[in-house]
2 protein chains.
Amino acid sequence: MTGQVRTVDGRVAGRRGQETRQKLLDCLREMLSTSPYRDVKVIDVARMAGTSPATFYQYFPDVEGAVLEIAEEMAEDSGGLKELVDGKSWAGKTGFTTSEELVDGFLAFWRKNDAILRVVTLGAAEGDKRFFKIRMKVLNSVAAPLAEAVRNNQGKTDKTVEASAVAGALVSLLAAAAEHGKAFTSWGVKVKDLKPNLALQVYLGVTGKKPPK
Amino acid sequence: MTGQVRTVDGRVAGRRGQETRQKLLDCLREMLSTSPYRDVKVIDVARMAGTSPATFYQYFPDVEGAVLEIAEEMAEDSGGLKELVDGKSWAGKTGFTTSEELVDGFLAFWRKNDAILRVVTLGAAEGDKRFFKIRMKVLNSVAAPLAEAVRNNQGKTDKTVEASAVAGALVSLLAAAAEHGKAFTSWGVKVKDLKPNLALQVYLGVTGKKPPK
DNA sequence: ACTTGTCCTGTCATGCCGTCAGCTTACAGC
DNA sequence: GCTGTAAGCTGACGGCATGACAGGACAAGT
């Protein structure tokens, strides 16, 4: 699908070129997690990678372009989140374990990619379609199978559109908790209680029942 | 409380100075809602205000400093959100109306200030304490009275800490919906259904019961 | 050794950042 | 009206980031 990796001016990148390119992406990633997005400069990334700004511009149109690259890579990676829901049981105690593992996995994924996800979230909020699409891909990797679970476990009274809405709300809540965990602790939620609380919310949303003790 | 407005180098600002300062803030606000945060430049703000970059630096240390100013102003303004909850009844149909009006008011506030709130949210996520504090002030203007409502309307079994947690989760959901409304519509939630759905969630969270039809 | 195509950097023009000295304006005291 | 003082603003400057280009370094094949 992707064809070959190409430079900005259309040349195909060879082995050495791809290494340099990757190194730049890695350094940018590192940079994003240590500096505010607004302060990330091409020259700093290039320096960190032991190369020159000109080299950076051979492979990426600008910082945003390179960020999109990283974000797309992460979005691919987010496909693995599906396995946290797909084919899992939501019955009784097993169901609550499913919920706990989902919360755990989701938060872990977010924490691992928090720097890049911050930028993606900002871009999406600013109305950039490319970032929006990437964000939806990540959220949908959980929301889609979760909606399916809701459909299978909720009563038959609700319409199909409700299931997606419930799943969306739950995923939004998880994302908010992952991105602003500190807000919850300042609301009196102890760090160790955050995951159980979220797991409870998810279980309630999917099954509509209180979990077994 | 605030004392006088001062320039960066310590002079007190007079009438004309305050006007210029305010004009710069207004233009920055405008700028933020039309350009990505990363691309907002001092020189553009100054040009738009019909002044020079040097003047900008007389009143603000940098773009971030000016943004903080706007954000603090907005945080003050957010105090009005309290009235959406304080002294309202959560009983029966009236209760659901309370919930609807809360959702409506919150979303309206967020929409009105969405540009600055995006930046505040980013800053908070990046770990900046000043932005975090401002964000908490906005969220708490709803979360605090909402927690009180939860305590008054939920059963007596739950501990006090739970009420804050529930209120926090609800407010987080509202913020997510306000900031990423498009995500919900792409999950099949029609624009006109978003507010009723949120109102339902809030009502459920506060009272623990389904609303009367 | 020579050729070819990839890869990187030195250099340059441009433009923004952030600071300073110094000019203008407002105003209070006389 | 004159003058001193502080407020208000800007031109100009060194410094740095951006983005483009030409040309040198390098690897691989002939």
Side-chain angles (χ1 to χ4, degrees), chain A residues 2-32 34-70 119 123, chain B residues 2-32 34-70 119 123:
Chain A
T2 64
Q4 297 141 304
V5 178
R6 285 183 177 275
T7 58
V8 171
D9 54 333
R11 277 202 332 274
V12 294
R15 201 206 81 244
R16 197 152 74 104
Q18 296 209 15
E19 275 176 19
T20 306
R21 200 182 120 100
Q22 192 56 48
K23 195 174 209 171
L24 284 167
L25 285 177
D26 292 343
C27 291
L28 173 55
R29 199 185 223 118
E30 165 82 18
M31 215 72 202
L32 283 173
T34 54
S35 312
Y37 179 46
R38 202 169 193 285
D39 299 339
V40 171
K41 306 290 179 193
V42 168
I43 196 169
D44 296 323
V45 177
R47 247 197 297 263
M48 183 182 287
T51 179
S52 79
T55 302
F56 182 95
Y57 287 106
Q58 277 219 326
Y59 296 105
F60 311 104
D62 48 27
V63 171
E64 201 185 64
V67 165
L68 268 170
E69 199 83 8
I70 297 177
V119 180
Chain B
T2 62
Q4 299 139 304
V5 178
R6 285 185 177 273
T7 57
V8 170
D9 55 333
R11 283 201 321 278
V12 294
R15 200 207 81 245
R16 195 153 75 105
Q18 296 210 16
E19 276 176 17
T20 305
R21 200 183 121 100
Q22 193 55 50
K23 195 175 211 172
L24 284 167
L25 285 177
D26 292 342
C27 290
L28 173 55
R29 200 185 223 118
E30 166 82 17
M31 215 71 204
L32 283 173
T34 55
S35 312
Y37 180 45
R38 201 169 195 284
D39 298 339
V40 171
K41 308 288 180 194
V42 169
I43 196 170
D44 296 323
V45 177
R47 249 197 294 263
M48 182 182 288
T51 181
S52 78
T55 302
F56 182 95
Y57 287 105
Q58 280 221 324
Y59 296 104
F60 311 103
D62 49 27
V63 172
E64 201 184 64
V67 166
L68 268 170
E69 199 83 6
I70 297 177
V119 180

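Each chain gets a letter, A, B and so on, in the order the sequences are listed, and its residues count up from 1.
- One interatomic measurement links the two molecules: CD of A/Gln58 to P of D/dT18, which rounds to 16 Å at whole-angstrom precision.
- Atom CE in A/Met48 sits about 14 Å away from atom P in D/dA17, given to the nearest Å.
- The separation between A/Phe56 atom CZ and D/dG19 atom P is 9 Å, rounded to whole Å.
- Map B/Arg15 and B/Arg47 each onto its nearest nucleotide of DNA chain C; the residue landing nearer the 5' end is B/Arg47.
- A straight line from OH of A/Tyr59 to C1' of C/dT9 spans 12 Å, rounded to a whole angstrom.
- For the OP1/OP2 pair of D/dG8 and a distance below 4.0 Å, the side-chain nitrogens and oxygens of B/Thr7 include no atom meeting the criterion.
- Side-chain N/O atoms of B/Thr20 include one lying less than 4.0 angstrom from OP1 or OP2 on D/dC9.
- Taking atom CG of B/Asp62 as the reference point, atom P of C/dC16 lies 18 Å away to the nearest angstrom.
- Among the atoms of the strands shown, none is found under 4.0 Å from any heavy atom of A/Phe60.
- For the pair A/Leu24 CG and C/dT9 P, the computed distance is 10 Å after rounding to whole Å.
- Rounded to an integer number of Å, the gap from CD of A/Glu64 to P of D/dG19 is 11 Å.
- For A/Val42, the side-chain atoms get nearest to D/dT18 when compared with the rest of C/dC16, D/dT18, D/dG11.
- Contact annotation: B/Tyr57 does not reach the phosphate of C/dT19 (side-chain N/O to OP1 or OP2, under 4.0 Å).
- Ion pairing between A/Arg47 and A/Asp44 holds under the 4.0 Å rule for side-chain N and carboxylate O.
- Interatomic distance, CD of A/Glu64 versus OH of A/Tyr37, reported as 5.0 Å (0.5 Å rounding).
- Note: CZ (B/Arg16) to P (C/dT24) measures 13 Å, nearest angstrom.
- Among the nucleotides C/dT19, D/dA20, D/dA17, the one closest to the side chain of B/Ala54 is C/dT19.
- Judged by distance alone, the side chain of B/Ser35 and the main-chain N or O of B/Leu32 form no donor-acceptor pair under 3.5 Å.
- A salt bridge links B/Glu19 with B/Arg15: the distance from a Lys NZ or Arg NE/NH1/NH2 to an Asp or Glu carboxylate oxygen falls below 4.0 Å.
- Ion pairing between a basic and an acidic side chain is recognised when a charged N comes within 4.0 Å of a carboxylate O; B/Glu69 and B/Arg21 show such pairing.
- For C/dC7, the OP1/OP2 oxygens have no side-chain nitrogen or oxygen of A/Thr55 closer than 4.0 Å.
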